[in-house]
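The shown structure was predicted, so the numbers you read here are calculated from the model rather than taken from an experiment. Residue numbers begin at 1 in each chain, while the letters A, B, ... track the order of the sequences.
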Amino acid sequence: MDIFLQQLANGLTIGSMFALVALGYTMVYGVMKLINFAHGDMVAASAFVGLTIYTQVMGQATSLPAVIIIFLLSALAMACIGVILERIAYRPLRTAPRLSAVVSALGASLVIQNGIMLIWGPRMRIFPELVPQIYWDFGGVVISLIQVIILVLSLVLMVTLYLFVEKTRMGAAIRAASIDQDAARLMGINVNSIIALIFIIGSSLGAVGGLFIGLYYRGITFNMGWQYGLYAFIAAIIGGIGNIPGAMLGGMLLGLFNAFIAGYISSTWSDAFTFILLIVILIVRPTGILGERVAEKV
Amino acid sequence: MQKVMKMVLASFAVCLLVVPAMADSHMETLKVGVQAPITGSYANEGQGIENGVRLLAGQINAKGGVLGKQIEVVTCDDQGTAQAAAICAKKLVNEGVKMVIGSYTSTCAQAAQKTYYKAGVLQTSDGTADSLTEAGYWTFLRNSFPNSAEAEFVAKYLVDVKKYKRIVVLSDFSTYADGLANAAEAAIKKMGGNVVSRDKIKADSQNFTPVLTNIKSKNPDAIFFAGYYSDGGQLRAQQMALGIKADFYGGDANDNPDFVKLAGSAAEGAFIVNVPSPDVLPYEVAKTFIADYVKEYGEMPPSIWGLMNIDGMRAIIHAMEQNGSFDTRKAADYLHNLTEPLPGITGPIAFAKDGNRKGGAYVVKRIQADGSYVNEYVQ
């Protein structure tokens with residue numbers, strides 16, 4: 001039982017990181033029908049930006065306000081990069097065939113990844129120990145402070161996002177744009193600024209995910225975005241791409257699935273089983289768990 | 001017609017430029033290849049090897065080179081992957097190198113081995129996997145000590161000296177780590193020790209808690225991790241985060257400053273098994289070379305491994321000078337039949353007939369709160 005609960009705690013921690021990143025994929029897809037392959041590399045970039053803010057701007061301060069400022073500044077920086085990315089790589093291709101936009105996304109992914117390598121170097125960089133290593137032992141199940149922070153902060157961000165999209169006027173505009181961009185424009189919604197908003201929200205959530213990866217695992221490499229991006233992308237598909245609660249659910253499920261496969265079968269097989277799960281879901285429920293069946297526009 | 005003439009003239013000009021350069025490349029300089037992970041997870045070590053080779057080449061060139069020829073260093077980045085290593089081997093052979101220094105990992109050294117053997121190019125690597133010398137290639141000279149020597153030492157230490165009752169052996173899937181862990185497991189069992197679990201992690205996957213949670217349920221008192229520092233540091237941090245009280249022993253490839261940085265405050269109390277560190281090498285030649293290295297690059301060599309490779313290079317160059325020839329076969333024969341070991345940076349060097357380096361003494365180092373090492377046990 002201890003082992004089961006411990007794997008559950010591990011799975012939820014990783015799952016909430018996947019979910020944060022998956023939100024970026026799913027929101028962009030929801031509105032633009034574009035798979036933003038550069039998102040994973042944005043996540044990696046945010047960990048490096050956070051590291052630089054820590055060393056250069058904050059003077060290696062580790063107090064709580066300093067950590068909060070690092071999170072805010074990194075999210076702000078990544079939001080700016082996200083908007084610039086959309087302006088340069090995606091907006092000129094908005095009316096182009098969908099494949100062109102996907103190729104542009106792959107190109108953007110390579111540019112960001114190599115940009116990180118050129119700026120911060122190819123070596124693994126070590127993220128500072130910003131959260132003290134505090135653990136609680138609940139009868140054999142050990143939970144650390146960083147795990148609690150990751151889980152709670154992720155849930156707060158996700159619930160806030162959900163309420164924002166469902167309950168506010170701006171959220172209604174996002175939903176309208178995702179259903180039909182032309183009709184939304186006729187209703188007086190500025191679709192360009194909605195898309196910019198999507199990139200701001202997605203990129204800053206991804207930035208938080210990237211900082212969590214840095215804080216939790218400590219070692220960050222320029223090419224790690226690919227791995228996390230792929231997992232988050234799968235999470236978004238499992239939950240139903242384009243669906244916000246689906247991305248959260250998909251991320252959590254994928255984290256748990258990974259932890260249990262690695263724990264009870266073998267860590268060697270966790271990737272293989274992840275893809276088997278993806279295939280099964282695509283066969284049984286092609287729209288994902290929470291995805292709705294939508295008729296293809298003709 | 002004018003166009004055709006222009007093209008003919010142009011290609012003629014190109015030939016004039018290229019042909020002499022190709023014909024003379026063998027004669028002008030002694031080409032030394034470096035095959036190392038300049039990028040990727042082990043970049044730290046790969047750059048250490050390249051820096052060391054360039055420093056030594058510069059020093060030899062300043063003294064007039066080898067048999068009157070200047071050394072020219074050609075580097076190929078194998079990224080720590082077997083695929084890139086195989087390409088590097090072909091590339092370096094085409095460049096016409098006489099010897100290749102590296103690579104850092106056994107996997108990469110092994111992937112390149114056969115190409116060098118077929119081309120008669122000498123290869124000296126710090127790879128410790130026993131399988132590296134099993135093919136019996138005369139071109140391969142191991143400048144470190146094989147896994148089996150380390151495994152024997154670890155088994156003796158854990159079972160006889162520390163008397164652990166429940167030992168876990170952990171590795172990744174690489175040639176080196178898997179080989180070392182298997183050898184250690186066999187040696188521990190042979191000495192009557194109790195291996196409660198033999199687990200594997202996937203290198204670079206970062207999330208090791210599922211495997212560690214299983215290990216926790218076995219209630220071990222010691223964990224021996226054969227694998228690289230980039231995983232070892234995170235493994236140690238996650239071990240402490242899960243409250244696993246067992247003593248952590250990292251194999252030789254954990255001996256890198258990044259281990260301590262990755263593990264953070266959890267590094268304290270972890271043990272690392274390796275040959276002695278560069279800074280405690282007692283030999284005069286070591287002190288001079290390390291001082292030169294620090295002067296040139298402003299930092300200590302990242303670990304002992306770069307220096308081991310430098311020793312391999314020094315041995316080969318010494319053999320060529322003694323033979324008065326660049327013939328690689330003769331150099332290998334000379335090194336296989338040394339009557340007296342050569343003085344090396346990392347200790348006396350002599351090679352067995354199969355290309356293994358003879359000798360080898362290990363130490364167990366404990367990491368202190370400030371990240372520095374203190375010797376716990378010296379063989």
- Item | Proximity breakdown for A263(B) and chain A, heavy-atom pairs closer than 4.5 Å | backbone
- Message: Shorter than 4.5 Å, heavy atoms on both sides: which option in G219(A), G11(A), P128(A) has the most such pairs with chain B?
- Response: G219(A)
- Answer with side chain, backbone, both or neither: which region of F208(B) has an atom nearer than 4.5 Å to a non-hydrogen atom of chain A? neither
- salt bridge (charged side-chain N to carboxylate O under 4.0 Å, His left out) pairs, two or more places apart, involving residues 35-59 of chain A: none
- Can you name the closest pair of heavy atoms from G263(A) and P210(B) and give their distance? N-CB, 3.8 Å
- Message: Can you tell me which portion of I38(B) sits under 4.5 Å from chain A's heavy atoms? Options are side chain, backbone, both or neither.
- Response: backbone
- Please state whether the side chain, the backbone, both or neither of I261(A) comes within less than 4.5 Å of a heavy atom of chain B. neither
N/O donor-acceptor pairs between chain A and chain B, cut-off 3.5 Å:
| from | atom 1 | to | atom 2 | distance (Å) |
| --- | --- | --- | --- | --- |
| Q7(A) | NE2 | P210(B) | O | 3.2 |
| N10(A) | ND2 | T213(B) | OG1 | 3.2 |
| E129(A) | OE1 | S265(B) | OG | 2.9 |
| E129(A) | OE2 | S265(B) | N | 2.9 |
| G140(A) | O | K216(B) | NZ | 2.8 |
| R218(A) | NH1 | L262(B) | O | 3.3 |
| R218(A) | NH2 | K261(B) | O | 3.1 |
| G219(A) | O | Q206(B) | NE2 | 2.7 |
| Y228(A) | OH | Q206(B) | OE1 | 2.6 |
| G263(A) | O | N214(B) | ND2 | 2.2 |
| S267(A) | OG | K200(B) | O | 3.3 |
| D271(A) | OD2 | K202(B) | NZ | 2.6 |

- For each of A43(B), G243(B), G264(B), G46(B), tally heavy-atom pairs with chain A at distances under 4.5 Å, and name the one with the top tally. G264(B)
